[in-house]
Amino acid sequence: MTRTVIEISNLGKQYRLGQIGTGSIADDFKKWWYQVRGKENPFLKVGEENDRSKAGKSDYVWALRDVNLRVNEGDVMGIIGKNGAGKSTLLKILSRTTAPTVGEYKIRGRVASLLEVGTGFHPDLSGRENIFLNGAILGMKTQEIRAKFDEIVDFSGVERYIDTPVKRYSSGMYVRLAFAVAAHLDPEILIVDEVLAVGDQEFQDKCLGKMKSVSAAGRTVLFVSHNLVSIKQLCTKAVFMKNGTLKKTGATTEIIEEYLNDGNTQLQDGTIPEDMLRQFATGDAYFRKIEVLNLSEQMVSELAFNEPFKVKLLLEVLKPLFNVMININICNTLGEPIAFAAEKKDSVYAARSFEPGYHEILVEFDLNLLPSNYKLTVGISHMKSGVTIDWVEGVSTFKVGKISYNMHADYPWDSTHGYVEPVTQWNYSKK
Amino acid sequence: MSHKEEGWDIVVKQKSSSFNLNIREIWGYKDLILLLVKRDITSIYKQTILGPLWMFVQPVFTTAIYTFTFSYSAKLSTDGIPPVLFYLIGQVFWTYFADCLNKTANTFVSNASVFGKVYFPRLVMPISVVISNLLKLGIQLMLLIAVYLFVILILKQDITVQWKYILLLPFLVVFMGVFGLGLGILFSSYTTKYRDFTFLLGFAVQLLMFGSCVVFPVTMYSAKIQSFLMFNPVVAYLEAIKFVLTGHGHISLMYILVDTIAVAGLLFMAMLKFNKTEKSFMDTV
């Protein structure tokens with residue numbers, strides 16, 4: 001039986017915007033006056049959804065609202081969402097650095113929160129002294145730290161500097177030491193906020209490895225990161241937050257797709273929106289439409305497994321273009337390109353010229369994609385100089401399903417094992 | 001206590017009882033308290049040549065100036081105690097009290113960066129401050145003993161320790177610190193949102209020194225004013241300390257009792273306020 005270790009119900013957190021001063025003391029007085037008369041806090045009824053880009057009417061916003069969540073023992077749960085979605089506020093409340101405005105939560109077991117590394121490090125104290133101090137702040141007993149001291153120093157890799165004040169450390173060494181202490185906590189529940197974004201690659205891998213071993217030991221981890229690759233590597237479940245609410249909870253891959261597809265801007269007929277940011281455009285030509293066509297030449301957003309497909313582009317050329325090349329990238333949902341296509345003639349990449357006007361380009365693909373979601377990135381650039389004329393990234397998305405188009409060769413597994421199915425020949429011979 | 005039956009370790013609700021002082025939880029963090037005390041003591045004098053000797057420099061010079069100003073120039077009474085000893089005792093114990101108050105009064109504001117990232121019972125911080133100050137006082141007592149011996153052996157002055165009251169001394173010292181702690185955490189709870197109190201405290205402590213009979217004895221005043229002044233715990237405690245150490249001064253067990261009850265009440269109320277504030281002070285600090 002799986003045990004619930006964190007149970008959050010109807011959690012909400014309200015913040016007051018603006019300065020604290022004479023304005024807020026009037027509100028405080030009003031709150032107090034309602035309290036004296038035994039009434040509910042009047043400000044709980046006001047407040048708007050937290051959307052930082054729009055000016056609101058109210059001084060009060062809900063950074064979190066109506067959050068309900070259950071985390072089971074051994075879950076490694078990733079929390080994703082844009083800046084200001086309430087991820088960090090949720091972690092702050094769970095690590096008890098601030099209290100919720102409404103709602104409640106319950107936790108089973110010892111919690112260690114890593115919202116920052118090196119909390120409480122004193123610059124004048126040596127690395128050795130700081131290991132003890134920081135460990136105690138994170139909730140370790142002196143004896144525990146003493147037992148793990150050598151391990152911590154070893155993990156940090158700053159043994160030589162251990163008796164030097166930490167203010168003399170390089171920032172990398174500082175972080176290494178700080179994370180080393182945190183990594184040797186033995187909590188039942190670990191709450192981590194973006195701390196992996198520091199240190200060099202080698203150290204980041206080490207940290208991820210450590211977190212994996214924590215979860216392998218059956219502990220529960222809550223992990224906020226904008227690095228979807230590490231979320232994907234580490235987490236079994238994920239939560240997608242938007243404007244202070246939980247949008248969806250589920251398996252990591254599913255949630256990551258949901259997050260990436262959220263606010264997708266492409267219009268129904270494949271037209272690229274006018275207001276799309278075109279970072280690299282020179283203004284000589286623009287892609288106007290991207291369509292994915294199935295076997296029967298219809299624009300679709302989902303293809304059957306093993307179904308041949310075509311990509312149709314509409315290019316508006318404003319100035320005559322010579323020796324240019326159009327290329328198409330097929331990317332996974334994380335935005336990593338997995339296939340690259342450009343026109344070839346006699347095995348060499350070929351250039352083309354375009355007159356001003358609209359051009360339609362139809363590209364046939366002979367590529368077996370495995371079931372998953374994909375994005376298209378298209379670009380046009382000068383063949384020789386490599387100067388980009390237009391570049392449209394990740395606007396068009398499509399899905400490859402598990403059902404085969406010819407009815408009896410469905411993809412039989414639940415999980416996806418990769419992106420591309422190569423054409424292979426298997427030869428056996430007994431030796 | 002239904003949540004305990006279900007086996008939950010932490011339950012946080014929007015409104016939890018403020019009568020939960022979590023003394024046991026604080027005890028669980030005693031290692032942290034000790035390390036914080038060690039940090040306070042060792043980090044202050046890093047990169048200095050005199051190091052902990054600075055703990056003696058300040059009282060020595062202050063006492064010298066006080067002796068010159070108040071005793072030699074202004075000819076104020078010192079209640080029969082040799083001026084050097086009178087001002088040293090006053091100065092050392094007053095500094096102890098004022099440090100306990102001043103340094104706990106900004107607990108939330110100055111530790112915001114730590115408090116915002118990690119949870120531990122917030123009272124750990126002010127408690128460690130008081131213990132550090134207690135240690136500092138202990139070290140300064142060595143100076144006091146040296147001056148004491150000098151006064152008896154060299155100056156041959158008539159002062160005697162009141163041995164039958166000597167056990168009262170640790171009690172007085174601790175409650176002086178507790179008074180500072182209580183006032184301090186009360187102030188720190190109010191300064192998180194409105195900083196006005198910081199300015200108030202800044203000069204109030206300075207002025208309070210003159211209302212606490214540090215540089216003159218309480219017997220300088222009429223009986224009526226005396227009985228009023230003795231309601232200030234610092235006056236009652238400090239006069240008693242002077243009496244225990246020198247045999248001169250004004251001890252009143254009745255006032256000590258009344259003041260101590262008041263101090264205990266203050267501490268209790270301050271802790272309630274502090275506990276209430278610690279839950280969400282990060283939003284307003």
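All values below were derived from every heavy atom in this structure, side-chain atoms included, with hydrogens, water molecules and symmetry-related copies excluded. Within every chain, numbering begins at 1; the chains are lettered A, B, ... in the order of the sequence lines, protein sequences first and strands thereafter.
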Quick one: ring-ring contact (aromatic ring centres under 6.0 Å, His included) partners of A/Tyr15, sequence neighbours excluded? none
Taking all heavy atoms of B/Arg122 and all of A/Thr97, pick out the closest pair and write down the distance. NH2-CA, 3.9 Å
Answer yes or no: is there a side-chain heavy-atom contact under 4.5 Å between A/Ile137 and B/Leu32? yes
Surrounding CG of B/Leu53 (heavy atoms of other residues, nucleotides or ligands, distance under 6.0 Å), is the total greater than 12? yes
Contact part of B/Leu34 toward chain A, heavy-atom cut-off under 4.5 Å: side chain, backbone, both or neither? neither
Should the heavy atoms of other residues, nucleotides or ligands under 6.0 Å from NZ of B/Lys273 be counted, would the total exceed 12? yes
Please check if the number of heavy atoms outside A/Tyr161 that lie under 6.0 Å from its OH is greater than 12. no
In this structure, are over 12 heavy atoms from other groups packed under 6.0 Å from B/Tyr190 atom OH? no
Check whether A/Lys141 reaches the backbone of B/Gly28 with its side chain - one donor and one acceptor, N or O, closer than 3.5 Å. yes
Looking at A/Ile107, A/Leu11, A/Ile145, which makes the most heavy-atom pairs under 4.5 Å with chain B? A/Ile107
How long is the span from the CG atom in B/Leu36 to the NE2 atom in A/His122, to the nearest 0.5 Å? 10.5 Å
Just so I know, are the side chains of B/Trp8 and A/Glu7 near enough to count as touching, which here means a heavy-atom distance under 4.5 Å? yes
Distance in Å, A/Thr98 OG1 paired with B/Phe115 CZ, rounded so as to fall on 0.5 Å steps: 13.5 Å
Quick check on A/Val5 against chain B: is it the side chain, the backbone, both or neither that has a heavy atom closer than 4.5 Å? backbone
Identify the heavy atoms of A/Ala136 and B/Leu35 that sit nearest to each other, and give their distance. CB-CD1, 3.4 Å
Neighbour count above 12 (heavy atom, 6.0 Å) for B/Phe171 CZ: yes
Could you list all the salt bridge (Lys or Arg N to Asp or Glu O under 4.0 Å) pairs where at least one residue sits in residues 117-132 of chain A, not counting sequence neighbours? A/Asp124-A/Lys167, A/Arg128-A/Asp163, A/Glu129-B/Lys46
If you take all heavy atoms of A/Leu125 and B/Ser43, which pair is closest and at what distance? CD2-CB, 4.0 Å
Heavy-atom pair of closest approach, residues B/Asp9 and A/Arg108: OD2-C, 3.3 Å
